[in-house]
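None of these values were measured; they are calculated from a predicted model.
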Amino acid sequence: MPEIPIDDFLPIFLSSSAVLLFGLFYVAIYTLVKMGFIKKLYMPLAYVFWALQTYCLYYVMNALGSDPFTIKILLIAMFGYLLVPHLYYYLNLKAEERYE
C-alpha cells in the first residue's frame, strides 16, 4: 500500500475522525428517540448523521486508494450499521410484548 501524501494527511485524519463522531451521533440520537427522551422529530437527523458517516468513510477509502472490492464491502457494512439498531429495538419490543 502506498504511503499517504503529506498534503492528504489532514483531510484523511479529519474524515476518519468524523466517521467515529457521526456514528456516535447516529446511535445516540436513534437510541434517545427510541427511549422517548427526545421527540421523534429528531429521527431524520440521526439518518443525516449516518449518511455523513458513510460519505466520510467512502472519502477515506478513496483517499487511501483502496480497491473497489474493499470499498463495496465497507459500504455493505455501513448498511449493516444502519440496520442493526432497528433490529435490536424491534426484537426488544417483541420480547416485551411476549412477556407482558
Side-chain angles (χ1 to χ4, degrees):
M1 186 169 175
E3 291 185 21
I4 300 172
I6 299 296
D7 296 340
D8 291 339
F9 177 77
L10 185 61
I12 290 172
F13 176 76
L14 292 176
S15 292
S16 60
S17 299
V19 168
L20 296 172
L21 289 175
F22 291 148
L24 172 72
F25 292 146
Y26 162 64
V27 171
I29 292 172
Y30 186 87
T31 302
L32 291 173
V33 167
K34 287 295 185 177
M35 292 175 68
F37 290 125
I38 60 176
K39 297 178 183 177
K40 289 186 178 190
L41 171 74
Y42 294 106
M43 188 61 85
L45 185 61
Y47 296 124
V48 168
F49 281 123
W50 176 83
L52 289 171
Q53 177 189 23
T54 304
Y55 174 76
C56 287
L57 181 67
Y58 182 75
Y59 173 79
V60 168
M61 290 297 104
N62 277 330
L64 291 176
S66 297
D67 60 300
F69 179 74
T70 304
I71 292 173
K72 288 176 187 173
I73 294 298
L74 287 173
L75 291 179
I76 290 170
M78 289 304 298
F79 281 107
Y81 188 69
L82 175 68
L83 297 177
V84 165
H86 290 83
L87 178 64
Y88 174 78
Y89 283 103
Y90 174 76
L91 293 175
N92 194 15
L93 178 67
K94 290 298 179 186
E96 287 177 4
E97 289 174 358
R98 181 177 178 188
Y99 292 112
E100 283 185 353

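In this structure, CG in Leu64 is found 9.0 Å from CG in Asp8, a value given to the nearest 0.5 Å. Lys34 contributes atom NZ, which lies 10.0 Å from atom OG1 of Thr31 (distance to the nearest 0.5 angstrom). With rounding to the nearest 0.5 angstrom, the CE atom of Met43 is 10.0 Å from the CG atom of Leu32. Annotation: the span from Met61 atom CE to Asp67 atom CG amounts to 10.5 Å, rounded to 0.5 Å. Atom CG of Asn62 sits about 4.5 Å away from atom CD1 of Ile71, to the nearest 0.5 Å. Note: Ile12 CD1 to Ser17 OG = 11.5 Å, rounded to the nearest 0.5 Å.
By the 30° and 60° cut-offs, the orientation of the rings of Tyr47 relative to Tyr30 is perpendicular. Classified by interplanar angle (parallel below 30°, tilted 30° to 60°, perpendicular above 60°), the ring pair Phe9/Phe13 is parallel.
Linking Ile, Leu, Val, Met, Phe, Trp and Tyr whenever their side-chain heavy atoms come within less than 4.5 Å leaves Leu93 and Tyr88 in two separate clusters. Residues Leu74 and Leu82 fall within the same hydrophobic cluster, defined by Ile, Leu, Val, Met, Phe, Trp and Tyr side chains chained together at heavy-atom separations under 4.5 Å. Put simply, Ile38 and Val48 are part of the same group of oily side chains (I, L, V, M, F, W, Y) that touch within less than 4.5 Å, one to the next. Under a hydrophobic clustering in which Ile, Leu, Val, Met, Phe, Trp and Tyr are joined whenever their side-chain heavy atoms come within less than 4.5 Å, directly or via other members, Phe37 and Tyr89 fall into the same cluster. In the hydrophobic clustering of ILVMFWY residues, with side-chain heavy atoms under 4.5 Å counting as a link, Tyr58 and Ile76 come out apart.
Side-chain atoms of Phe49 and Leu21, non-hydrogen and from C-beta on, never get closer than 4.5 Å to each other. Val27 places a side-chain heavy atom less than 4.5 Å from the side chain of Tyr81. Within the 4.5 Å cutoff, the side chain of Leu24 has no heavy atoms near those of the Leu20 side chain.
Among all heavy-atom pairs drawn from Ser16 and Val60, the shortest one is N-CG2, 3.6 Å. Here the closest heavy-atom approach between residue Lys39 and residue Val33 is recorded as O-CG2, 3.6 Å. In this structure, Cys56 and Ala18 approach most closely via the heavy-atom pair SG-CB, 3.8 Å.
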